[in-house]
Amino acid sequence: MTDPRARAWKEIDLDALAHNARVLQDLLHPGCRLMAVVKADAYGHGAVPAARRLAREGVTAFAVACLDEGITLRRAGVQGMILILGYTPPEAVPLLVRWGLTQTVADEAHGRALNAAGRRLSVHLALDTGMRRLGVSAEDLRALHRLYGMENLDITGVFSHLCVSDSPNPSDRDYTQGQLERFYRAVDRLRRGGHDPGEIHIQASGGILNLPPQPCSYARAGIALYGAGGGSDLRPVLSLRARIACIRTLAPGERAGYGLDFQAVRETRLAVVTVGYGDGLPRALCRLGGRALVNGRSCPMAGRMCMDQLLLDVTDVPRALPGQAVTLIGQEAGQRIQVEEIAQACGTIPNEVLCQLGGRLGLVLRQ
């Protein structure tokens, strides 16, 4: 149930999350398992409840961005492999070991530093196949052999990241194919050199949705797991709702909001809604066609968004009343506002919109 005291909140449909996990798993190569990416608080969806529900669905591998995120999951009782995708300083090796976390080796220097910490540590090697971010060059076999020779690195996996796998552009498809070839060639050379690559993985959400199934151990599902960014069979997991605080009636010609940015052209009813850019909504959304659903009717945002509030034109919704909930992302009475709509209006991606939805928003879990 929604807390009647809540001013604005996120509703998380855990059944939709479980559904998405099953859909994505069905797209994978036989023997390939889903690795759930729950970094950035599961893209704003709540990492702990998301991981717990996914564990009930049989997911046993999770990916986070940093040490603190991994510890948070362990403290919440999440079992299985937890891979830290980002850099962790070697001074934190005792914590990595204590909490049973698997660390990404960002490059050879990072591997040397982790090894020098003197504790046996589970790691996955990141291979740079063309993104030029983290990773040892997939062509640098000498560096890879040196890393395998480090006594404190227990290399349990090798992975890479595709940078344009979500693009239909023919040149991008060719680039992705080149990344795949460099990855599998490096893995094959490791095996022929007597090294066990362990669990291998290269697909993220774009790769899962747009490429043929890959013969890997894992596929890292991030934004797709939350029903955003593509995939017709996927269900949105997050809804964003807030309340009407009060309603003001403006005569034609009257103005409202910061900078008196809104001017009524008719007798207008403006609802003051209890959410704003301080909750993570893009401030520019009000001037870029932002809207919300009130009693299932689409109502345009008016004027400039405030830190804690925004204005909605509810003139055409006579039953709009103070205290009732409105929908800014999600479904209501058969109508829907998708996060992709907001992202497109603001010139960004759904990942950013979802991740920025702030911590002061309440979290309501729907089973």
Side-chain angles (χ1 to χ4, degrees), residues 33-55 59-128 131-136 147-148 150-161 197-202 204-205 217-223 225-226 280 351-352 354-359 363:
R33 294 159 289 163
L34 205 64
M35 182 187 297
V37 181
V38 292
K39 62 182 180 177
D41 201 29
Y43 293 60
H45 292 69
V48 168
R52 286 173 171 169
R53 180 55 188 272
L54 291 167
V59 175
T60 60
F62 302 89
V64 297
C66 61
L67 175 64
D68 286 348
E69 291 180 345
I71 292 175
T72 295
L73 293 183
R74 286 291 192 235
R75 287 187 185 277
V78 176
Q79 303 297 310
M81 184 187 73
I82 299 177
L83 172 63
I84 298 175
L85 294 170
Y87 173 85
T88 300
E91 293 80 7
V93 164
L95 287 173
L96 291 167
V97 174
R98 174 185 173 186
W99 292 102
L101 304 172
T102 300
Q103 173 60 44
T104 289
V105 176
D107 58 18
E108 186 179 5
H110 188 220
R112 285 197 302 268
L114 294 172
N115 182 67
R119 301 285 298 274
R120 185 72 170 166
L121 177 66
S122 174
V123 300
H124 279 203
L125 295 184
L127 299 185
D128 179 12
M131 187 163 181
R132 303 295 186 257
R133 198 170 62 175
L134 297 185
V136 181
L147 286 164
Y148 269 91
M150 295 179 186
E151 61 181 356
N152 292 319
L153 299 186
D154 181 14
I155 300 174
T156 58
V158 173
F159 74 98
S160 190
H161 192 58
E199 311 282 8
I200 65 171
H201 44 109
I202 192 169
S205 291
S217 309
Y218 290 117
R220 304 183 304 272
I223 191 65
L225 194 56
Y226 308 104
N351 313 42
E352 181 181 16
L354 292 169
C355 288
Q356 287 185 343
L357 294 178
L363 192 66

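Bear in mind the structure is a predicted one, so any value in this text is a computation, not a measurement. What's counted below: heavy atoms across the whole structure, side chains too, no hydrogens, waters or symmetry copies.
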Closer than 3.5 angstrom, by distance alone: can the side chain of Asp68 be matched with the main-chain N or O of Ile71 as a donor-acceptor pair?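 Checking the backbone N and O of Ile71 against the side chain of Asp68, no donor-acceptor pair under 3.5 Å is found.
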Show me the donor-acceptor pairs, under 3.5 Å and distance only, between side chains in residues 43-52 and residues at least two apart or in other chains.
{"residue": "His45", "atom": "ND1", "partner": "Ala42", "partner atom": "O", "Å": "2.9"}
{"residue": "His45", "atom": "ND1", "partner": "Tyr43", "partner atom": "O", "Å": "3.0"}
{"residue": "Arg52", "atom": "NE", "partner": "Ala76", "partner atom": "O", "Å": "3.4"}
{"residue": "Arg52", "atom": "NH2", "partner": "Ala76", "partner atom": "O", "Å": "3.0"}

For [X], give me all partners under side chain to side chain donor-acceptor pair (under 3.5 Å), at least two apart in sequence or on another chain.
X	result
Thr72	none
Ser205	none
Gln356	Glu352
Glu69	none

Tell me, please, which residues at least two apart from [X] pass side-chain contact (heavy atoms from CB on, under 4.5 Å).
X	answer
Ala117	Val93
Asp154	Arg120, Thr156
Pro89	Tyr87, Glu91
Arg74	Ile82, Trp99, Leu101

How far apart are the closest heavy atoms of [X] and [Y], and which atoms are they?
X	Y	value
Val64	Gly70	CG2-N, 3.8 Å
Asn152	Gly118	ND2-CA, 3.5 Å
Val158	Tyr148	CG2-OH, 3.8 Å
Leu354	Ile223	CD1-CD1, 3.8 Å
Val59	Ala36	CG1-CB, 4.0 Å
Ser160	Arg220	O-NH2, 2.9 Å

Report the C-alpha distance between Leu85 and Leu134 in whole Å, list the side-chain angles of each, state the deciding distance to 0.1 Å, and finish with yes or no for side-chain contact (heavy atoms from CB on, under 4.5 Å). CA-CA 9 Å; Leu85 294 170; Leu134 297 185; over 6 Å; no
Dump the intermediate steps for side-chain contact (heavy atoms from CB on, under 4.5 Å) on Arg133 and Asp128, then the final yes or no. CA-CA 7 Å; Arg133 198 170 62 175; Asp128 179 12; over 6 Å; no
Supply the atom-to-atom distance Leu153 CG to Leu125 CG, rounded to the nearest 0.5 angstrom.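 Those atoms lie 8.0 Å apart.
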If you round to the nearest 0.5 Å, how far is CG of Leu73 from CD of Gln79?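 One gets 11.0 Å once the value is rounded to the nearest 0.5 Å.
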With a 4.5 Å heavy-atom cut-off, do [X] and [Y] have their side chains touching?
X	Y	result
Thr102	Phe62	no
Leu54	Leu225	yes
Glu151	Asn115	yes

Residues in salt bridge (Lys or Arg N to Asp or Glu O under 4.0 Å) contact with Arg53, at least two apart in sequence or another chain: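 So Arg53 forms a salt bridge (Lys or Arg N to Asp or Glu O under 4.0 Å) with Asp15, Glu57.
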Excluding sequence neighbours, so at least two apart, what forms ring pair (Phe, Tyr, Trp, His ring centres under 6.0 Å) with His201?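 Partners of His201 by the ring pair (Phe, Tyr, Trp, His ring centres under 6.0 Å) criterion, ordered by chain and then number, come out as His124, Phe159.
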Output side-chain donor-acceptor pairs under 3.5 Å for residues 103-113, partner residues at least two apart or in another chain, one line each.
{"residue": "Gln103", "atom": "OE1", "partner": "Thr88", "partner atom": "OG1", "Å": "2.6"}
{"residue": "Gln103", "atom": "NE2", "partner": "Gly86", "partner atom": "O", "Å": "2.8"}
{"residue": "Thr104", "atom": "OG1", "partner": "Ile84", "partner atom": "O", "Å": "2.7"}
{"residue": "Asp107", "atom": "OD1", "partner": "Ala109", "partner atom": "N", "Å": "3.3"}
{"residue": "Asp107", "atom": "OD1", "partner": "His110", "partner atom": "N", "Å": "2.8"}
{"residue": "Glu108", "atom": "OE1", "partner": "Arg146", "partner atom": "NH2", "Å": "3.1"}
{"residue": "Glu108", "atom": "OE2", "partner": "Arg146", "partner atom": "NE", "Å": "2.6"}
{"residue": "Glu108", "atom": "OE2", "partner": "Arg146", "partner atom": "NH2", "Å": "3.4"}
{"residue": "His110", "atom": "ND1", "partner": "Ala106", "partner atom": "N", "Å": "3.0"}
{"residue": "His110", "atom": "NE2", "partner": "Thr88", "partner atom": "O", "Å": "2.8"}

